[in-house]
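For reference, the structure is listed below as structure tokens.
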2 protein chains.
Amino acid sequence: MKNSESQNNKAQRVSPQTIKRLPAYLMYLQKVAQKGDLSISAPRMGADLEADPTQIVKDLSVTGIKGKPRVGYNVTELIHTIENYLGFNKNNEAFLIGAGKLGQAILSYHELQGFGIRILAAFDIDESKINQSYGNVKILHFKKLGELANRLGISIGILTTPSDKAQEAAEAMVKSGIKAIWNMTSVRLELPKHVIVQNTSMYADVAILLKDYNDSEA
Amino acid sequence: MKNSESQNNKAQRVSPQTIKRLPAYLMYLQKVAQKGDLSISAPRMGADLEADPTQIVKDLSVTGIKGKPRVGYNVTELIHTIENYLGFNKNNEAFLIGAGKLGQAILSYHELQGFGIRILAAFDIDESKINQSYGNVKILHFKKLGELANRLGISIGILTTPSDKAQEAAEAMVKSGIKAIWNMTSVRLELPKHVIVQNTSMYADVAILLKDYNDSEA
DNA sequence: AATATATAAAGAAAAATATCTTTATATAAA
DNA sequence: TTTATATAAAGATATTTTTCTTTATATATT
Ligand SMILES: NC(=O)c1ccc[n+]([C@@H]2O[C@H](COP(=O)([O-])OP(=O)(O)OC[C@H]3O[C@@H](n4cnc5c(N)ncnc54)[C@H](O)[C@@H]3O)[C@@H](O)[C@H]2O)c1
Ligand SMILES: NC(=O)c1ccc[n+]([C@@H]2O[C@H](COP(=O)([O-])OP(=O)(O)OC[C@H]3O[C@@H](n4cnc5c(N)ncnc54)[C@H](O)[C@@H]3O)[C@@H](O)[C@H]2O)c1
């Protein structure tokens, strides 16, 4: 009953919109911290991010942090609290499946570690790619996935196979013990309910972009 | 007055959620068409996509299409109507700025044409990349952007420079006449109001994935 | 120490979105 | 042809999310 989240296990669900805004606050706060500011107020954040300050306060409150009237929030405390809330400060260990164009880009995408994802190995079926490395991550044969996932206790998988191989690859991932899949393909995966799937489908963003653009032209 | 959108200019705003769902319907419908089915009902779609059929009907209605009771929608007509509504059937010509790892992946990402985006050229400042081609798209020097955008009348730009160069590159794009930017960097761009910016920020999706995953573990 | 004030917190209201209910209708079956 | 039925369309309700309003409080100022 004390502070919203932490105490209560059946804590009322936090809206995905709020969760999606938190990383944007984080990036902003890192710039603020770099500037040397020790505290930051919601109105200030709102002005800089062109967002409603009360919404910012509401969003931040889900992490359990408290601000001080007339001062705002302690910047470093706020950063740590959000990172902790989102799991960005952990090393959430993951495998990448399908080391093609996009896969290789992601393997070299070191910013991802700042978002709590650490890729330990990549897997592919293309023999010519096996044992190559990108961004210090080695590509192994897909058939080794099960054994390694099991041995290292990996439960997060990033799926970047071609779309027409996504379903079968995902099923193999689940069989290997992967519990959460970040699906970069444009395919809707049909998997057991207990598997967590997060789709990053560019086409939704393209749709918004083109709609906004074409409407503005009309 | 005939069909909702097209006629009326002040057509009541369509929610982004609806627009983001339409491409998913499209992909599903393409599979249905491939199977040879001529018509599809909202309840059928709802069952397959695990979505509320009435929401599907509402979503589809924004395109102006009409279904027939006891039959459903004509599949090919529905596909064409959605594609047309989203602009996926046009060749929306675009430039890509920053032909690095992610940029090259996108240049070879031919599925993008199915979403109405046609990349005509890429631009970079790295001399070693100039005149190389990926996915049949040539990389030109960034300083040629303005002239070419002007000559070819390009107003859509895909931004894939490093994050710390994103703001300056975006400003140059706007100066070159780019009106809509698909921003793949993790940076919040500060641009004139009239510029349409669509952010594809992976970190929002990562946040949801990790939250869902870590909550499920707890 | 007293007072004023900026700001967070909490709660209320409004807006947006999703779901449910009813109605109308096209088609299939009798 | 008539009737039954599945389904789309339209409208109503419920839920969720955002924005607005009020209240409480920590700090700065006098
Ligand atoms: N390229 C992009 O910019 C981009 C952007 C958005 C989404 N995507 C999506 O990402 C996915 C990959 O795209 P890409 O351009 O990197 O394709 P790609 O063909 O370059 O890479 C796919 C890789 O997966 C491997 N693979 C195939 N079957 C496999 C299996 N069963 N198990 C493991 N690995 C397997 C292939 O050998 C290849 O190396 C596609 O679904 C695409 O829609 C790509
Ligand atoms: N790599 C990924 O998988 C990935 C995923 C998501 C987001 N991103 C984002 O995409 C962006 C690019 O990532 P990347 O991994 O491709 O980086 P990269 O360094 O491989 O590529 C960046 C390219 O931009 C060019 N460039 C630099 N300044 C430029 C300028 N002013 N004008 C034109 N071109 C310029 C560089 O020469 C380079 O070729 C980053 O902001 C990153 O955060 C990358």
Side-chain angles (χ1 to χ4, degrees), chain A residues 1-8 11-22 24-25 29 32 37-75 77-78 81-82 204 207-208 211, chain B residues 1-5 8 11-22 24-25 29 32 37-75 77-78 81-82 204 207-208 211:
Chain A
M1 208 117 212
K2 301 259 170 58
N3 61 2
S4 53
E5 284 300 300
S6 45
Q7 297 275 3
N8 201 340
Q12 82 282 15
R13 203 183 63 89
V14 174
S15 86
Q17 281 99 315
T18 292
I19 292 174
K20 286 192 178 184
R21 280 189 295 265
L22 288 174
Y25 299 152
L29 291 166
V32 172
D37 295 2
L38 297 179
S39 51
I40 182 84
S41 74
R44 179 78 284 211
M45 289 180 70
D48 291 345
L49 297 170
E50 296 175 272
D52 183 320
T54 63
Q55 179 168 75
I56 294 176
V57 171
K58 277 251 164 78
D59 286 344
L60 298 182
S61 76
V62 306
T63 67
I65 199 168
K66 300 277 176 186
K68 281 188 188 164
R70 248 193 108 100
V71 175
Y73 302 86
N74 177 291
V75 176
E77 186 195 350
L78 186 48
T81 306
I82 297 176
I208 298 270
K211 199 88 204 54
Chain B
M1 208 108 217
K2 299 261 170 56
N3 61 3
S4 56
E5 282 302 301
N8 202 340
Q12 82 281 16
R13 202 184 64 90
V14 174
S15 86
Q17 282 96 319
T18 291
I19 292 174
K20 285 191 177 183
R21 281 190 294 265
L22 288 174
Y25 299 153
L29 291 166
V32 171
D37 294 2
L38 297 178
S39 52
I40 182 83
S41 73
R44 177 80 284 208
M45 289 180 68
D48 291 345
L49 297 169
E50 295 176 272
D52 184 320
T54 62
Q55 181 168 73
I56 294 176
V57 170
K58 277 253 164 76
D59 286 344
L60 298 181
S61 76
V62 306
T63 67
I65 200 168
K66 300 277 176 185
K68 282 187 188 165
R70 248 194 107 100
V71 175
Y73 302 86
N74 177 291
V75 175
E77 186 195 351
L78 187 48
T81 306
I82 297 176
I208 299 269
K211 199 88 203 55

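Chain naming here is simple, since letters A, B, ... match the order of the sequence lines and numbering starts at 1 in each.
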Exercise for review: Calculate the interatomic distance between Leu60(B) atom CG and dA8(D) atom C1'; express it in whole Å.
Suggested key: 11 Å
Check your understanding: For Ile19(B), which of Val62(B), Asp59(B), Val14(B) qualifies under side chain to side chain contact (heavy atoms under 4.5 Å, CB included)?
Key -> Val14(B)
Exercise for review: Provide, to the nearest angstrom, the distance between the NZ atom belonging to Lys20(B) and the P atom belonging to dA18(C).
Suggested key: 12 Å
Point to revise | Nucleotide forming a Watson-Crick or wobble pair with dA30(C), both distances under 3.5 Å | key: dT1(D)
Study note, to complete from the structure: Which of dT7(C), dT19(D), dT7(D) is nearest the side chain of Pro43(A)? It is dT7(C)
Exercise for review: Take atom OH of Tyr25(A) and atom C1' of dA8(C), then tell me their distance rounded to the nearest Å.
Suggested key: 15 Å
Practice item. Check whether any side-chain nitrogen or oxygen of Arg21(B) sits under 4.0 Å from OP1 or OP2 of dA18(C), and answer yes or no. Key: yes
Check your understanding: Hey, is the side chain of Lys66(A) pairing donor to acceptor with the base of dT25(D) inside 3.5 Å?
Key -> no
Practice item. Return the value, rounded to whole Å, for the distance between atom CD1 of Ile40(A) and atom P of dT7(C). Key: 10 Å
Point to revise | Among Asp37(B), Asp48(B), Leu78(B), the one residue meeting side chain to side chain contact (heavy atoms under 4.5 Å, CB included) with Val32(B) | key: Asp37(B)
Review point. With a 4.0 Å cut-off on heavy atoms, is Thr54(B) in touch with a base, just the backbone sugar-phosphate, or nothing at all?
Key: base
Practice item. Respond yes when some side-chain nitrogen or oxygen of Tyr73(B) is under 4.0 Å from OP1 or OP2 of dA9(D), and no when none is. Key: yes
Check your understanding: Within this structure, what is the CG-to-C1' distance between Asp59(A) and dT19(D), rounded to whole angstrom?
Key -> 12 Å
Revision key, fill the gap. Per atom distances to the Gln17(B) side chain, the nearest of dT25(D), dT18(D), dA18(C) is dA18(C)
Review point. Closer than 4.0 Å, any side-chain N/O of Lys68(A) to the OP1 or OP2 of dT7(C)?
Key: no
**Study point:** Among Ile56(A), Leu29(A), Val57(A), side chain to side chain contact (heavy atoms under 4.5 Å, CB included) partner for Tyr73(A)
**Key:** Val57(A)
Point to revise | Spacing between Asp52(B) atom CG and dC20(C) atom P, to the nearest angstrom | key: 6 Å
Review point. Out of curiosity, Leu22(A) CG to Ile208(B) CD1, how far, rounded to the nearest 0.5 Å?
Key: 9.5 Å
Practice item. Starting from P on dT16(D), measure out to CD1 on Ile19(A) and report it in whole angstrom. Key: 15 Å
Exercise for review: State whether Arg13(B) places a side-chain N or O below 4.0 Å from either non-bridging phosphate oxygen (OP1 or OP2) of dT17(C).
Suggested key: yes
Review point. Hey, does Pro53(A) reach any base, or is it just sugar-phosphate, or nothing, if we go heavy atoms under 4.0 Å?
Key: nothing
Check your understanding: Is any side-chain heavy atom of Leu60(B) closer than 4.5 Å to a side-chain heavy atom of Ile82(B)?
Key -> yes
Review point. Ignoring hydrogens and angles, does a donor from either the side chain of Lys58(B) or the base of dT17(C) sit under 3.5 Å from an acceptor on the other?
Key: no
Revision key, fill the gap. Here the distance between atom C1' of dC20(D) and atom CD1 of Ile56(A), to the nearest Å, is 15 Å
Practice item. By nearest nucleotide on DNA chain D, pick out whichever of Arg70(A) and Gln55(A) is the more 5' one. Key: Gln55(A)
